Amino acid sequence: MEKSLDFTNNKLRKLGYISAPVDRSMDLPQAIQNLKKEKNAVLLAHYYQEPAIQELADYLGDSLYLAQQAEKIEADIIVFAGVHFMAETAKIINPTKKVLLPDLKAGCSLADSCPPDDFEAFKALHPKAVVVTYINCSADIKALSDIVCTSSNAIKVIESIPKDREIIFAPDKNLGRYLIRETGRKMILWDGACIVHEAFSFEKIVELAKIHPKAKFIAHPESESPILDIAHYVGSTSGLLRFVQDDPSTSYIVATEAGILHEMQKCCPEKTFIPAPVEDDTCACSECAFMKLNTLDKLYNCMLYELPEIELDTKLMNKARKPIERMLNL
Ligand code: 13P
Ligand code: SF4
């Protein structure tokens with residue numbers, strides 16, 4: 001039977017999560033596993049989640065993999081341990097399911113950098129351009145797009161666009177610049193960035209590489225151009241993971257959110273992974289504070305109370321679904 005709940009929707013929206021006390025005497029990971037069975041729920045987790053959440057996931061992966069899985073899920077409930085735009089995407093592509101996010105405030109600096117009204121005005125300046133948006137954006141921005149991409153398939157998506165067409169790429173200028181370099185296509189870039197990937201320090205990475213001369217430097221394409229220019233390999237989270245498994249080197253300096261190191265170390269226990277240093281020594285900037293808002297307690301409560309739930313307007317979902325489906329069908 002459902003526990004009684006004194007949370008009004010407004011209170012939940014303000015706080016972001018269910019703050020009910022969690023019984024410390026229980027085995028929390030086991031209790032979450034039990035709830036999955038009881039509620040016919042499937043847990044999707046991004047590599048940037050804390051290791052304890054990654055360990056509980058039915059599907060663990062990068063943005064593309066999780067979107068592909070979300071589309072196919074037949075269970076009643078999708079619990080998304082990731083950030084808001086990811087859970088929103090899952091709801092859009094599998095709208096009959098209840099989609100839960102442990103903390104509604106798990107946002108994204110890239111998604112926040114692209115307000116729909118401003119983007120609409122920007123788009124109006126280039127009426128003939130094909131609008132390609134990185135999946136790290138809101139449903140409103142997706143609804144204004146022709147095709148969505150993730151860091152795993154961005155090159156393929158750009159190459160699918162006829163050569164004579166102008167392209168708008170939003171919201172990540174760093175990924176955009178990388179795509180211009182890789183595809184040779186001219187693109188009009190929106191000026192957005194990921195606070196985590198922009199925090200890496202070029203100078204400190206160079207210094208660290210001198211201390212570890214045998215380590216390969218690998219980076220996510222949300223990082224700034226000078227950093228990507230010196231990387232031995234650039235790829236999405238799953239691309240980086242594949243690279244370290246296939247590559248013969250034994251140590252790596254990794255420029256992406258530090259959560260991926262958990263799976264890298266599990267896949268390659270004999271190898272060494274060093275998180276790339278950030279500009280500011282006083283903070284854990286290579287951790288995404290939004291991703292880390294999800295905790296085991298919040299995950300447990302979210303499954304127990306089936307809240308917070310992602311709710312979207314049907315018209316908006318129908319508009320936003322088309323560019324996502326174009327990407328998934330590529
Ligand atoms: P990928 O999952 O596509 O590697 O993107 C990383 C990211 O920043 C997700 O928010
Ligand atoms: Fe957004 Fe960057 Fe966090 Fe990914 S790592 S969710 S792009 S802020």
Side-chain angles (χ1 to χ4, degrees), residues 9 12-13 16-18 41-49 53 57 59 61-73 75-117 119-120 131-153 170-172 190 192 194 237 288-294 298-299 302-303 306-328:
N9 276 343
L12 185 56
R13 243 172 256 134
Y17 63 94
I18 299 286
V42 168
L43 176 62
L44 271 59
H46 192 272
Y47 288 127
Y48 297 168
Q49 291 294 288
I53 294 180
Y59 298 97
D62 71 351
S63 307
L64 179 62
Y65 175 78
L66 294 175
Q68 287 166 333
Q69 299 313 314
E71 191 186 26
K72 292 188 265 190
I73 283 169
D76 298 321
I77 300 179
I78 298 173
V79 187
F80 215 117
V83 288
H84 193 274
F85 76 80
M86 294 178 176
E88 208 175 54
T89 304
K91 180 72 188 173
I92 294 166
I93 53 181
N94 205 340
T96 60
K97 306 301 172 193
K98 184 180 257 191
V99 178
L100 306 174
L101 177 67
D103 191 329
L104 281 181
K105 291 201 172 156
C108 167
S109 65
L110 263 173
D112 292 346
S113 72
C114 199
D117 288 349
F119 188 64
E120 213 167 354
V131 179
V132 183
T133 52
Y134 190 31
I135 198 164
N136 300 34
C137 65
S138 66
D140 294 286
I141 298 297
K142 289 185 176 82
L144 292 167
S145 312
D146 293 307
I147 186 162
V148 165
C149 71
T150 77
S151 55
S152 283
N153 61 14
D172 190 359
W190 180 263
C194 160
T237 323
C288 174
F290 298 111
M291 285 275 182
K292 272 22 185 212
L293 280 179
N294 296 324
K298 288 178 191 171
L299 176 59
C302 146
M303 295 181 71
E306 300 184 20
L307 284 170
E309 183 183 354
I310 300 291
E311 286 170 308
L312 286 167
D313 173 73
T314 308
K315 264 195 192 157
L316 174 64
M317 283 203 284
N318 291 343
K319 267 185 145 180
R321 188 174 305 118
K322 287 187 189 119
I324 305 173
E325 279 177 350
R326 270 185 211 120
M327 169 189 83
L328 293 173

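Index from 1, following the sequence. Quick caveat: nothing in here was measured; it's all calculated off a predicted structure.
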State, yes or no, whether a side-chain contact exists between [X] and [Y] at a heavy-atom distance under 4.5 Å.
X	Y	answer
V131	L144	no
V83	L293	no
M86	M291	yes
V79	C302	yes
I78	N94	yes
N136	D172	no
H46	T237	yes
S113	P171	yes

Minimum heavy-atom separation for [X] and [Y], please, with both atom names.
X	Y	value
C137	F85	O-CB, 3.4 Å
M327	V148	CB-O, 3.1 Å
G82	N294	O-ND2, 2.8 Å
A70	I93	CB-CD1, 4.3 Å
A143	K319	CB-CB, 3.7 Å
Q49	A81	CG-O, 3.2 Å

Can you list the steps and then say if I92 with I324 is a side chain to side chain contact (heavy atoms under 4.5 Å, CB included)?
CA-CA 9 Å; I92 294 166; I324 305 173; 3.9 Å; yes
Within this structure, what is the [atom1]-[atom2] distance for the pair [X] and [Y], rounded to the nearest 0.5 Å?
X	Y	atom1	atom2	value
T89	R321	OG1	CZ	11.5 Å
S63	Y134	OG	OH	5.5 Å
Y59	L43	OH	CG	11.0 Å

R326 side chain to I147 main-chain N or O, any donor-acceptor pair under 3.5 Å?
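No, because the side chain of R326 does not come within donor-acceptor range (under 3.5 Å) of the backbone of I147.
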Any donor-acceptor N/O pair, K142 side chain to I135 backbone, under 3.5 Å
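A pair under 3.5 Å: yes.
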Check side chain to side chain contact (heavy atoms under 4.5 Å, CB included) between D313 and all other residues, then give those that pass, not counting sequence neighbours.
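Counting only residues at least two positions away or on another chain, D313 forms a side chain to side chain contact (heavy atoms under 4.5 Å, CB included) with K315, L316.
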If you draw a 6.0 Å radius around NZ in K292, do more than 12 non-hydrogen atoms from other residues or ligands fall strictly inside?
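Check passes, neighbour count above 12.
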Taking ring-ring contact (aromatic ring centres under 6.0 Å, His included) as the definition, give me every residue that meets it alongside F119, ordered by chain and number, with sequence neighbours left out.
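Here the qualifying residues are W190.
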Cut-off 3.5 Å, no hydrogens considered: what does the side-chain donor-acceptor table look like for residues 98-107, sequence neighbours left out?
from, atom 1, to, atom 2, distance (Å)
K98, NZ, E306, OE1, 2.7
D103, OD1, K105, N, 2.8
D103, OD2, K298, NZ, 2.7
K105, NZ, K14, O, 2.4

